[in-house]
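Heads up: the structure comes next, in structure tokens.
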Protein chains: 2
Amino acid sequence: MTRKNNSPAPFLLKTYDLLEESGDDGQIRIVSWNIEGNGFVVWDPAEFSELMLPNYFKHNNFSSFIRQLNTYGFKKTSSKRWEFQHEKFRRGCRQLLVGISRKKCEPSVFPSFLKASSPNHRRAQQNINGSSNNNNNNNLTLLMDENNKLRREKMELEMEIAHFKTLEMRLLECLSHYKTNH
Amino acid sequence: MTRKNNSPAPFLLKTYDLLEESGDDGQIRIVSWNIEGNGFVVWDPAEFSELMLPNYFKHNNFSSFIRQLNTYGFKKTSSKRWEFQHEKFRRGCRQLLVGISRKKCEPSVFPSFLKASSPNHRRAQQNINGSSNNNNNNNLTLLMDENNKLRREKMELEMEIAHFKTLEMRLLECLSHYKTNH
DNA sequence: GGGAATATTCCC
DNA sequence: GGGAATATTCCC
């Protein structure tokens, strides 16, 4: 899923730019795109952390950098060196970055007037207001059941979305295939 | 509520230490404890942000500092100057800081859709089992909050799915266009 | 690797 | 001021 504001996450832009920079001067020995251009390699983590990270981020910790890579779904693709890949992180394709999102994308602003209220919910609210303690355990049970149901429904929706993402990717591949072949 | 690990939040320690430092050298003109010792005043926000903040934090933005103060429940106590107070933030009482906690201590959410049960959920369940009625109203509130959040998240997911459906349709149209024209 | 707490930023 | 997204840290 693409970001709302159509601009990639700062972390992705910085990491991409950092790799462009590494090509410019002699820092290619520290970090560089891999041969295929579909990932990158940190050749010298110590130098990388000390010299390059602080120019782009508010820290010089390699592990924090790795944590961010994981957050955005990058995979470590070699056990022998610090190589990372993400299908939408490719040399020369800066605009592809907009398609990369954080794994855990908690919701944001939502019109409050859309806030729904269920029967269980309203009942519990009334009982809180009326200090009617008798039914509280019952309310708790109802609410927890509803809670479980919501969680299940969310999970189903998320699976549906995952399906759509795969589908979208295939369609895009398909389209690009047509474009190049005709 | 005190923190779990018995040590104050880093932000509080740094802010406290910063005020101690300000007494040592000539920086008392920039920031200092107030007369009563139950709060502090930033006399010169520009100098404060430029010279002192970076020594303690990863930024030099006054507004970020303010945001943290608000998060920890400090109040601005004067309209004429940048004075802030918190009942447990007092000169000479560094150990009082442990009693200050972030406002929004809502336990984190269940983003991973593999997780069956949230902290609120478990807490409520435990209290039901133990017949501890004292916390039932609190549980109800927590559960209802969680409920609202789940509902909001569901709605967002549904909107995302709607978006995908539109996208899919367009892509398919696009594809059929290619097919017929070539 | 990733969950979760805390920090920083962005925006209303 | 504060909600929420993103970044950084801490810890398993």
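First the proteins, then the strands, lettered A, B, ... as listed; each starts at 1.
- Rounded to a whole Å, the CG atom of B:Asn70 is 6 Å from the P atom of D:dG1.
- Atom CG of A:Leu69 is separated from atom P of C:dG1 by 11 Å (rounded to the nearest Å).
- Distance, B:Lys103 NZ to C:dA5 C1': 18 Å, rounded to whole Å.
- Scored by the side chain to side chain donor-acceptor pair (under 3.5 Å) test, B:Ser78 finds no partners at all (sequence neighbours excluded).
- Shown here are the side chain to side chain contact (heavy atoms under 4.5 Å, CB included) partners of A:Ile66, two or more places apart in sequence or in another chain: A:Phe62, A:Leu69, A:Asn70, A:Trp82, A:Phe84.
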For this session: Between protein and nucleotides 7-12 of chain D, map the contacts as a letter string: B base, S sugar-phosphate only, - none, heavy atoms under 4.0 Å, written 5' to 3'.
Result: BBB---
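- Annotation: side-chain hydrogen bond (donor to acceptor under 3.5 Å, both in side chains) contacts involving residues 42-59 of chain A, sequence neighbours excluded, comprise A:Glu21-A:Tyr56, A:Ser32-A:Trp43.
- A:Asn38 pairs by the side chain to side chain donor-acceptor pair (under 3.5 Å) definition with A:Asn34, not counting sequence neighbours.
- The side chain to side chain donor-acceptor pair (under 3.5 Å) check on B:Gln27 picks up nothing, with sequence neighbours excluded.
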